[in-house]
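To keep things clear, I will list the structure first and then write my remarks on it.
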Amino acid sequence: MKQSQAKAVAQDALLWLAQDQEALTHFLNATGASPDDVRNGVEDQEFLGFVLDFIMSSDDMVLGAAASASVAPETLLRARAVLPGGDAPNWT
């Protein structure tokens with residue numbers, strides 16, 4: 001997946017998050033982000049990575065965000081791997 005595709009997937013996930021009041025409130029409380037941070041983060045690939053990290057903490061959120069974006073749930077994981085800070089550690 002190209003970085004531009006990953007950014008678009010993450011932006012769709014952020015849009016889904018912003019439309020789910022309960023999930024958004026949980027995100028803001030868990031991360032300390034403000035509503036302004038969310039609005040300003042739409043173009044920030046690092047912030048979008050944090051959004052995907054948060055969404056991937058719950059199967060229900062993954063399924064909701066993926067369905068909203070009409071993508072397979074695994075697409076969120078692939079997008080996260082491409083965005084800054086998403087590379088999986090190599091334990092070998």
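The CG atom of Leu48 sits 8.0 Å away from atom CD of Glu43, with the distance rounded to the nearest 0.5 Å. Atom CG of residue Leu15 and atom CG of residue Asp20 lie 11.5 Å apart, to the nearest 0.5 angstrom.
In this structure, Leu77 is a member of the same hydrophobic cluster as Leu14, with clusters built from ILVMFWY side-chain heavy atoms closer than 4.5 Å.
Counted within 6.0 Å of CG on Asp59, heavy atoms from surrounding residues, nucleotides or ligands total 12 or fewer; the atom is thus considered open.
The main-chain N or O of Leu83 is never found under 3.5 Å from a side-chain atom of Gln45 such that the two would form a donor-acceptor pair. Judged purely by atom type and a 3.5 angstrom limit, Asp44 has no side-chain atom pairing as donor or acceptor with the backbone of Gly41. Using a distance-only test at 3.5 Å, with no hydrogens or angles considered, no donor-acceptor pair links the side chain of Arg80 to the main chain of Leu52. Between the Thr75 side chain and the Val71 main chain, no donor and acceptor come within less than 3.5 Å of each other.
Lys2 is not listed as a side-chain neighbour of Lys7, based on a closest heavy-atom distance of 4.5 Å or more. Two residues are said to be in side-chain contact when any heavy atoms from C-beta on lie closer than 4.5 Å; Leu28 and Val38 meet this criterion.
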Report task. Carefully, step by step, assess His26 and Glu22 under the rule side chain to side chain contact (heavy atoms under 4.5 Å, CB included). Result -> CA-CA 6 Å; His26 185 59; Glu22 183 178 338; 5.8 Å; no

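Ala6 and Ala79 make their closest contact through CB-O, 3.6 Å (heavy atoms, listed as atom of the first residue, atom of the second, distance).
Residues that satisfy the side-chain contact (heavy atoms from CB on, under 4.5 Å) test with Val62, not counting sequence neighbours, are Ile55, Met56, Pro73, Leu76.
Taking the six-membered ring where the residue is Trp, Phe27 and Phe54 present perpendicular rings, their angle passing 60° and hence far from 30°.
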